[in-house]
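Before any comments, here is the structure.
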Amino acid sequence: MTTTESPDILRRILDYSARADPYPLYSELRETPVALQEDGSYVISTYRELTGILHDPHLSSDVRNLSRPMAAAEARTTPSFINLDPPEHDRLRRLAMRHFGPPHTPGLVTGMEPDLTATVSGLIDDFADKQQIDIVEDFAYPFPVTVICHLLGVPREDEPQFHVWVNAIIDSLDYDPKTDPKEKLDNGMQATTDLREYLGGLLEQRHGRPGDDLLTRLANDDGPDGRMTDDEIVSTANLLLIAGHETTVNLITNGMLTLLRHPQVLQRLRDEPDLIVPLVEELLRYEPPVHIIPWRAAYSDITVADTVIPKGSQIMLMLASGSRDPDRFHDPDRFDPDRQDNQHLGFGSGIHLCFGGPLARLETQIALTELVRRLNRPRLVADPPPYRPSPILRGPIHLHIEQS
Amino acid sequence: MTSADTLKGFKRDGRVVIVGASLAGLRAAEALRDEGFTGSLTMIGDELGEPYDRPPLSKQVLTGWVPAGGTTLPRRRDINAEWLLGVPADGLDLATNHVHLADGREVPFDRVLISTGVRARPWFVEAEAALDGVFVVRTREDADGLQRALAAGPSRVLVIGAGFTGSEIASICRERDIPVTVAELASAPLVGALGAVIGDVAADMQRAHGVDLRCGVKVTQLEGDAQGRFHRAHFDDGSTIDADVAVVALGGIRNTEWLRDSGLAAGPWGIACDTGCRALDLNGLITDDIFVAGDVARCPNPIYEYRLISLEHWVNAVEQAQVAAHNMVSAQADRWPHLSIPTFWSIQFGVNIKSVGVPTFADEVVVTQGSVPDHRFVAAYGYQGRVTAAVSFNNAKWLDHYRQLIETAAPFPPPCPTPDEPVDAKPVPVDFPGPTLLAQGATVVVTGHDPSERRVTAAWQHR
Ligand SMILES: Cc1cc2nc3c(=O)[nH]c(=O)nc-3n(C[C@H](O)[C@H](O)[C@H](O)COP(=O)(O)OP(=O)(O)OC[C@H]3O[C@@H](n4cnc5c(N)ncnc54)[C@H](O)[C@@H]3O)c2cc1C
Ligand code: HEM
């Protein structure tokens, strides 16, 4: 039997006290691959069941298909394609991909390599002489923000403004009406409106103007699928702006943390720079930025491991647990950059597979390679470091290190 | 070879011969070394040069993007083999365990893998097939010749046969802005592989891209000019068409003639084997040291009622090679069955077509997701109420789900609606043109009366 009630484990996972090390709880959770919760939602935590359901056309990303409406702020606006199903999802993703990768725009990401390296070097120059560094504030945050702003055509100077909005939105993702103050939701909703208004303002200036940034190209594109409406462009830009940095910050930070916890690997990376490619894949498995996809819906009855999940149910996908499933990965709690056949769930799977994967990989590869090359005998100041509140996009809020 | 010691000895210094040095042969050789086989390895192949990949030959090579010589298969590891290339094998002696080569050489083995694949079915009139401008596409020389002919800017290309290869070639012609006529005996392109419903979609696609598609017709004659250059084709309805290039895409012939007297269950349908890729002999008994992989193999699939199925699919060749290699160096108890669900892909007219399962093993088909007019959809195939295959047009990401449905014998039609369900999702009869492999005449006869005497002989030996 795969379905039993284990609300307790999930609650402990979501509780802030589990943030530094949720993995033993995931292991307990996996004893029930498909776990029905008290509130009628289902939690899926094993690799095989996760990949199965991520490829199941009956699984919907559109929260309007939930029988009980969700509370989070995101639910109240025009959805972006991460929260849509085919055919709308496919059309919008294709329209966005036209300006981001093959087949229409091949070589965009690889062509960014010199710029990325320059940005990274500049940031490291600024703290190279300091003894105390906060990897998050000084490096892992500013780097991907600069990159995604540049790509989208969002002025970098506006960052302090949208930083506040993005934080409020992410904070509200796991809003629980039973335990959280209503303020948390209201803040998220206000921030969503403000950020959309801000992006809408930028978009207005881009119509009919030439330019290479994504906003301008989306505003003036005429491909085989036509053009996005302004509302769709704003939703897409909103999605790319948030997805484009919040996750990468955590991957870079988790990467540095993991390397400092595995000094032999850190040394190896210094000697063998090519190790970075499999190493980043292993990080995406071992310490992924996205732990949970919280809001999937059963469009109609879905059968998973002999359990029928009824139409309209909320389904939580525990990606980070799946990537530590011993039935799929040998010795899963070991950080092993030489791991073969590493089909982790770090970027999800199926039609919503991360749109920015190639960029995120390259950013993290360059960031970690340069950090390791240029820091002088780095040491962790506190282990574990302090974590951000979110159990969904999980990562340290600061990572203080010292160097000689 | 039963005891653990003999197996160990074989793995250490046994002799393996692989006949057919292409995709299946090379991958099997690599897998043998991966498995720790350190004995001698001999690769016999009638083609010269490095093993190469065929799918690009009707795609990137014909657009001119990739030169015909540029599809060499990537090597996954060193195989340390002796290569005997440029000479075909013309016999297999199971009494003495030797492969005979056409130049008289004999190559001894302890175990042999047969991966001689398929060759293109030539135009049925030899003199017409020899005309300048008449092509088949199976080898890189074929593709090179056709690429040059296309680059010369022909006034029109005639493609005979609208299976996958023919349709891909027609697509390339349109991409290169070359006028093209496609002649197909069935009611639509791809009908033999995917049935009439999908065939109609393929027909729409071809016509929308400006192909002059003629279905239900037979080409009866290829006519040359005084210089021996192809210039006109005649159809069975009395019409003709002028063109400078004719591509004969009428499928393949399995390379089994060289096994005529071997005593193996080899014929025009391939070489029968078990799921462990061990060949059957003429009597249908399993052999121990003879293995088969790739397009030439005819292997039972439990999912499809244990029917023997031959597949001309790239993935199948790679997977069978892996299984055959493993089983060649493993004891009976450690052997693997080849149990995967077939998959196939094709790219034509800007559409990525992919299938899982065996679409011909079906009585009904239903479009389950997407939109047929937009050429973005998934169709599921069912046989007696269970899912047996699926085909996607520009929607390949869903096929893993359908593979699971096939593996679990899920009910057909799939009962629950999906967000992207077409308005009219009703199953219809699949409508195949009929069993194509029947009517080839008898291949064997059975003689003897007592159970101890009953034997099969090949029909050609009997006559
Ligand atoms: C133009 C084209 C396009 C294709 N496109 C696709 C596609 O898109 N997707 C897909 O899944 N599959 C495709 N295929 C099929 C795929 O290429 C085959 O499944 C694959 O090549 C099978 O490999 P094999 O090693 O079994 O056989 P082969 O590649 O046919 O190799 C057999 C080898 O044995 C040699 N040989 C034969 N007889 C003898 C003998 N007596 N002695 C010595 N050597 C011998 C042959 O010359 C050949 O080199 C395509 C094939 C072609 C021709
Ligand atoms: C390490 C960094 C990153 C991680 C771990 C990550 C992870 C993920 C995951 C797990 C999903 C699947 C969500 C779902 O199925 O609902 C996803 C989707 C997405 N990601 Fe990322 N991501 C990262 C970086 C980026 C970047 C840099 C961008 C933009 C440039 C980006 C843009 C997107 C978009 C647009 C989607 C939605 C795709 C769709 O719905 O089709 N991501 N990401």
Side-chain angles (χ1 to χ4, degrees), chain A residues 48-66 79 81 83-94 97 102-104 106 223-226 296-306 308-313 340 343 347-355, chain B residues 34 59-60 63 65 76-77 175 208-209 322 341 343 347 349-352 354 356 366-380 387 390-411 413-423 425:
Chain A
R48 203 171 50 134
E49 281 62 38
L50 283 164
T51 47
I53 201 164
L54 281 164
H55 287 94
D56 194 316
H58 305 100
L59 185 74
S60 170
S61 289
D62 188 337
V63 294
R64 291 169 295 193
N65 290 318
L66 290 167
F81 61 84
N83 285 317
L84 287 172
D85 296 327
E88 278 303 275
H89 163 272
D90 297 7
R91 181 179 68 88
L92 292 168
R93 181 168 166 136
R94 268 200 311 275
M97 193 53 96
H104 197 72
D225 287 301
R296 290 291 181 97
Y299 183 84
S300 50
D301 291 1
I302 303 184
T303 309
V304 190
D306 301 330
V308 178
I309 301 180
K311 172 179 173 168
S313 307
Q340 301 289 309
Q343 292 240 32
F347 286 130
S349 187
I351 61 163
H352 293 277
L353 179 76
C354 180
F355 176 93
Chain B
D34 279 345
K59 305 176 183 78
Q60 299 91 319
T63 58
W65 258 81
R76 298 193 316 204
R77 58 163 299 145
E175 205 176 303
H209 281 83
Q322 185 85 33
I341 308 291
T343 66
I347 296 171
F349 304 103
V351 172
N352 176 347
K354 209 170 163 187
V356 292
V366 60
V367 177
T368 48
Q369 287 177 257
S371 146
V372 171
D374 292 348
H375 301 152
R376 289 179 200 291
F377 63 90
V378 183
V387 178
V391 170
S392 67
F393 276 45
N394 275 342
N395 242 315
K397 281 214 166 133
W398 293 115
L399 287 190
D400 269 358
H401 173 67
Y402 290 85
R403 179 200 317 274
Q404 251 186 21
L405 295 184
I406 298 166
E407 281 175 351
T408 54
C416 301
T418 65
D420 195 14
E421 192 149 70
V423 258

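To find a chain, count down the sequence lines: A is the first, B the second, and so on, and within it residues start at 1.
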Legend entry - Counterpart residues, side-chain contact (heavy atoms from CB on, under 4.5 Å), relative to A/L50 (two or more places apart): A/I44, A/L317, A/L345
Legend entry - For A/F355, all residues meeting ring-ring contact (aromatic ring centres under 6.0 Å, His included), sequence neighbours excluded: A/F81, A/F100
Inset, instruction - Apply side-chain contact (heavy atoms from CB on, under 4.5 Å) to B/P413 and list each qualifying residue two or more places apart in sequence or on a separate chain. - result: B/V366, B/P427
Tabulate, with distances rounded to 0.1 Å, every donor-acceptor pair spanning chain A and chain B at under 3.5 Å.
| from | atom 1 | to | atom 2 | distance (Å) |
| --- | --- | --- | --- | --- |
| B/C416 | O | A/H58 | NE2 | 2.9 |
| B/P417 | O | A/S300 | OG | 2.6 |

